Amino acid sequence: MISSFIKLLSLVVLLYITGGQALGQAVVRVDSLPVQGIVLNQGWRWQAGDDPNWAKVDVDDRHWPAIDPTRNITELAQIQQTSIGWLRLHLRVDSALTSQVISMLVDQQVASQIYLNGRLIGQFGRVSANPDLVEAYNPSGADQALWQATHFQLGAEPHQVLAVRFARQQGVPYFKFWTQPIPFLLIKLHQADQRNQYRMDSFGNFDATFLDYFKGGLFLILSLLHLLFYKWYPAQKVNAWFGLYCLLAAWAYLNQPLIYQYVHSVPLRMYGAVGQLVLFFGVHLAFLGAVYIIFDKRIGVLFYTALLVFSVYVVLFTLQVNMPDGLSIFLALVLTDVQSTRLLLLAARKRGPEYWILTMGAIGFIVFLIAYLAVPLLPVNPYTRHILLHVFYNLSTLSSPVGVTLFLAKQFSQTNHSLAEKLLEVEALSAQTLAQEQEKQHLLTTQNETLEQQVSIRTAQLSQSLNELKETQAQLIQKEKLASLGELTAGIAHEIQNPLNFVTNFSEVSTELIEEFKEGPFQQLPVADKEYAGEILGDLEQNLQKITLHGGRASRIVKSMLEHSRSTPGERQATDLNALADEYLRLAYQGQRAKDKAFQCQIVTNFDSTLGKVDVVPTEIGRVLLNLLTNAFYAVNEQRKVAPADYTPTVWVSTLQLSEPGGQRAVEIRIADNGTGMAESVKAKIFQPFFTTKPTGEGTGLGLSLSYDIVTQGHQGSLEVNSKEGRGTEFVIQLPQPEKGDDLQTKSL
């Protein structure tokens, strides 16, 4: 009886060591491996600590706590408090599988060593009892076919033990982006020859990565195009915003597959999730900014509110604050997408047919929103729902950039068409002006022939009338020529004024943009690139200063041309010429002092006290005096720079009542200086339009020409110049005064 008891006891011990050990333990049966594989998520037990013997089959782990290691690591508080530990799983495998090669896929957030029946079959990352040496490693990828798999063959015995030694890397934050799981440890078993077949049968695994690369490349090309357009034409700021939107979108689409496919470091993957969230919010903000710029609207409170809310969300996300899934999508939808869609739809209704192109983005977003709500209600299988949602999502993401790009291209085409039409109008106006000029010339020729025929048959008794007729004819010709010249000059000046304003304005705006660049992105350049970038920016600033300088000079020339062509006739008034000369003398002197604070000059005046009221156009004569006095002060100031120390700059101004032969009265004004003077060759051209002796940028060459016309043509007087180089210059103005009852007509200039 004792021997029987001993045999029975031996049988129990034998059963416990072999298959009977599973009594009281959870054993997972594996009868077959389907195409999609099986996930080992049940029957696991775990224990904190580190003992190499725990890899063996005969370890009693019944008292170990149960655990589902496929759950997110953020949900397993006991794991986050453990630096190193073990997992064990008992398997009962069908004999048909023991001869097949098994492919094991692992998705984990720790470092691990995997044992089968005490034999090491795989290692991912660095496992160490020293927490500072642990390196967490995740061999999974965005595409299941690219996972780092471990291949092994099950043992012949039906009872198998899978043991995992794991270690958690210290200081790693665990972020879950969207619905991307972050399992503590997920082990999936496949037959080695079925992994690629499953990849071909799964729509999501087969082409999601390819679509991300395709969209990323498309957005990258669009960003380069729009950023180049902005560089070439900075006034159209919508290209900058839309280029930024496309650049962020390209980065977002390329970032996720690259991170989850080629980066296996767990810390880098976690920080990649934060970067992906920042990119997601940046894309929505940039698109809203582009929509604001398209419709010439100020970036308002909603934009900055969204920026603040997104920033707070990212901070809370980084601090691992638990927030509802989909909250980030809801915030982007409410704060940016709804406003963008509203503006696009309003534009299509109010601004014309071409704005319907922009509604492609809005329609795509609305269709995706409807599909997102309606597709889950359709009576189809999950695979078809996944395909439909995937199609609608990609159409919505591509509709916005394509719509905006087509709209900007349409606007560019309309601008070119408008410019072409204006060019045709200018050509037509030029042809019309030429025809009118030819008609005037023909009219003048006809009048000359008529007058010559009348003169040929006149008698000697009408010689005086003939002389008056010739004088009238000469005045008419001169008036017609001056009128034509004035019209041409005014037309040219007006045509030049607008593009000239654009040149100077854009040069000033560009200078401000360079300063903003220096204060912003320039400071972020590497030290090695700053010097070269600084030289380029310096050259650009010098070029813009030259453009502004010469643009200002051209603007002054244009204004002088407009004054030269002014056709409003002056009105003679009885004027105190002495007071007028004294007023403009002080005005010119103060003007020179404003330009050069160190300027000093002696002024000598000799006004004729017997000079009564003089009939002149005071504004026109004042302009003449101002031009001559300004030139005199400029000449003595230049002479002071090169003259000896005892040189005293002096300007003389005098008036005098004259009695011309025949009893006609006249008034004389003399303006003299001891300045630089001028050579004979300069005197011969001094009254020609656009001729100046001043340096580039200081004179227009129209002041003396305009003064000469005012005196000689407007007041029938004379303007003469006497000068010696290095000695000084004197201008003499003589204005005839009509006797009582006479009338000297002031001509239009």
Side-chain angles (χ1 to χ4, degrees), residues 223-248 282 285-286 289-290 292-300 303-304 307 408 411-412 415-416 419 492-562 591-598 634 690 692 694-702:
S223 70
L224 292 176
L225 287 176
H226 286 280
L227 291 176
L228 285 174
F229 288 153
Y230 174 70
K231 179 182 178 182
W232 294 329
Y233 187 43
Q236 198 168 16
K237 294 183 179 180
V238 64
N239 282 315
W241 280 92
F242 192 68
L244 176 63
Y245 158 70
C246 292
L247 183 62
L248 293 175
L285 281 173
Y292 275 123
I293 298 299
I294 287 176
F295 302 124
D296 298 326
K297 292 182 176 293
R298 289 182 57 191
I299 296 179
F303 180 90
Y304 295 106
L307 177 60
L408 294 178
Q411 277 196 329
F412 181 76
T415 301
N416 286 341
L419 289 176
I492 294 174
H494 280 295
E495 289 297 326
I496 293 175
Q497 190 69 41
N498 287 336
L500 183 58
N501 288 338
F502 276 104
V503 169
T504 54
N505 290 342
F506 278 121
S507 67
E508 294 173 357
V509 171
S510 300
T511 302
E512 295 175 359
L513 290 177
I514 290 176
E515 293 300 325
E516 292 178 5
F517 180 79
K518 283 184 175 180
E519 296 173 0
F522 178 80
Q523 302 299 327
Q524 301 175 6
L525 290 176
V527 176
D529 296 336
K530 273 189 176 181
E531 181 177 357
Y532 179 66
E535 293 177 358
I536 294 177
L537 291 176
D539 292 340
L540 286 176
E541 286 182 331
Q542 290 180 3
N543 293 342
L544 291 172
Q545 289 173 1
K546 291 294 184 181
I547 291 173
T548 304
L549 175 64
H550 291 286
R553 179 172 180 265
S555 180
R556 291 194 298 272
I557 292 174
V558 169
K559 290 179 180 178
S560 297
M561 291 173 64
L562 288 172
Q592 184 65 31
R593 287 273 297 169
K595 297 179 182 176
D596 186 359
K597 299 296 184 182
Y634 177 87
F690 302 105
T692 179
K694 295 180 181 178
T696 302
E698 293 189 18
T700 63
L702 291 172

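Values in this document were obtained by computation on a predicted structure and should not be read as measured data.
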Novice: Can you list the residues that meet the side-chain contact (heavy atoms from CB on, under 4.5 Å) rule with E541, with sequence neighbours excluded?
Specialist: I514, E515, K518
Novice: Nearest heavy-atom pair of S510 and L544: which atoms, and what distance?
Specialist: CB-CD1, 3.6 Å
Novice: According to side-chain contact (heavy atoms from CB on, under 4.5 Å), who are the partners of K231, at least two apart in sequence or on a separate chain?
Specialist: none
Novice: Taking side-chain contact (heavy atoms from CB on, under 4.5 Å) as the test, write out the residues that go with A598, two or more places apart.
Specialist: D596
Novice: Got a second to check how far L225's CG is from N239's CG, nearest 0.5 Å?
Specialist: 9.5 Å
Novice: Who pairs with I299 by side-chain contact (heavy atoms from CB on, under 4.5 Å), at least two apart in sequence or on another chain?
Specialist: W241, Y292, F303, Y304
Novice: Can you name the nearest heavy-atom pair linking L227 to L244, along with the distance?
Specialist: CD2-N, 4.3 Å
Novice: Excluding sequence neighbours, so at least two apart, what forms side chain to side chain donor-acceptor pair (under 3.5 Å) with T511?
Specialist: none
Novice: The criterion is side chain to side chain donor-acceptor pair (under 3.5 Å); which residues satisfy it with T548, sequence neighbours excluded?
Specialist: S507
